[in-house]
2 protein chains.
Amino acid sequence: MTDDGVQGLDPRQLEAYFALMEAVSLLQHHVEQQLQASGDLSYVQFQLLARLADAQGQLTMTALADSVVYSRSGLTYQAGLMEKAGLITRGPCPDDERTTLVTITEDGLALLGRVMPGHIQVARGMLFDPLADEDLSRLGDIMVRVRDHMRSLPPRSAAPRRRRQA
Amino acid sequence: MTDDGVQGLDPRQLEAYFALMEAVSLLQHHVEQQLQASGDLSYVQFQLLARLADAQGQLTMTALADSVVYSRSGLTYQAGLMEKAGLITRGPCPDDERTTLVTITEDGLALLGRVMPGHIQVARGMLFDPLADEDLSRLGDIMVRVRDHMRSLPPRSAAPRRRRQA
DNA sequence: TATTGTTATACTCTATAACTATA
DNA sequence: TATAGTTATAGAGTATAACAATA
């Protein structure tokens, strides 16, 4: 809270932060190109497929939007595209008539499987190659902890700003 | 998912990779909101200002575009906005008449300084808080190495796709 | 001929607000 | 009244290609 360096962050911290942001930016760029080339998928769409696969194939729109940090209308847009492409289907939910259940199709799963190898190869070439095995363990351990911490912070698809007048 | 590892990446590597991507996505989101709120800046614009400041205030358009991984036309667009906002100026280069030199203004530097504390605070709250000092050193060390490796890979503003017939 | 930068254009993505329907 | 999802819309951002000027 005092101010040595920029607001109490020492140069070591600053460097770590900026290196992280830059590295991931570069990685994202390449990954996006790979996904586009190999499966005509944007990164968001890839994420959506991955989440669905990870959740036994089904999620509600809201759950899906939350899991990718996304507005619901944005998800509706993407879901429209992906449904048209045959990667997912949308259907009613037996428990709650308001809810839409998104289901990944066979084609969606197949595409995910087809795209994954190249995706991973990019990650390996850019991220893992320059790291020793030990580094990787540490990085994994650290980032899992960080991610879980971040997840525990308040989300955002829920109430961007309303909820202030009854 | 299918198993026996996805293409030779063991689950540990996969988890590290996805945790990294998700954490940085979340971080980016919050940082963007902070920049917007505190300085009416997009993250790209923040990066541009930071690069310029880091380079003693001046860079050519191409150098700037490269340093942010950006198309030159995209940079022209952003530079237009930022010039209009008084954050940078563009002028001729004495050495090479083709080149445009981008210079950060006093206002640009001031804005960068004004925005930085909050920016860092977000990074601290989301990234550094859950980490021990030791973790931070490791993360910094690792990511600097990774970033430098990535930088050493072929860039991209130079020749997007042409250069295939001489 | 190659390179720097700009322009024109077309398109994708994203979010906000208004709306429908259920709970 | 609150929530799930969609729609309409408007705006920001990005890239590609064509272009002008200089090297």
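In what follows, chains are A, B, ... by sequence order, proteins preceding strands, each numbered from 1.
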Sequence neighbours left out, what pairs pass salt bridge (Lys or Arg N to Asp or Glu O under 4.0 Å) with at least one residue falling in residues 42-56 of chain B?
A:Glu22-B:Arg51
note: A:Asp95, atom CG; D:dT3, atom C1'; distance rounded to Å ~ 15 Å
Whole Å only: how far is the CG atom of A:Leu75 from the P atom of D:dT3?
19 Å
So do B:Ile88 and B:Thr103 actually touch side chain to side chain, heavy atoms under 4.5 Å?
no
So CD of A:Gln13 and CG of B:Leu131: to nearest 0.5 Å the spacing works out to 10.0 Å
Would you say B:Arg98 reaches D:dA20's phosphate, i.e. side-chain N/O to OP1/OP2 under 4.0 Å?
no
Are OP1 or OP2 of D:dA12 and a side-chain N or O of B:Gln78 less than 4.0 angstrom apart?
no
Does A:Arg72 put a side-chain nitrogen or oxygen below 4.0 Å from OP1 or OP2 of C:dT16?
no
Whole angstrom is fine here: how far is it from CG in A:Leu81 over to P in C:dT14?
11 Å
Side chain of A:Thr100: nearest nucleotide among D:dT6, C:dT4, C:dA23?
D:dT6
Mind calculating the distance between CD (A:Gln28) and P (D:dG13) to the nearest angstrom?
17 Å
5'-most by nearest nucleotide on DNA chain D - A:Ser73 or B:Ser73
A:Ser73
Considering only C:dT12, D:dG5, C:dA23, which nucleotide approaches the side chain of A:Tyr77 most closely?
C:dT12
To the side chain of B:Thr60, which of C:dC13, D:dG13, C:dG5 is closest?
C:dG5
So if I take every side-chain heavy atom of A:Tyr70 and compare against D:dT14, C:dT7, C:dT14, which nucleotide ends up nearest?
C:dT14
How long is the line joining CG of B:Leu64 and C1' of C:dT6, in whole Å?
15 Å
To the nearest Å, give me how far apart CE (A:Met61) and P (C:dT22) are.
17 Å
Go through the structure and list residues passing side-chain hydrogen bond (donor to acceptor under 3.5 Å, both in side chains) with B:Thr89, not counting sequence neighbours.
none
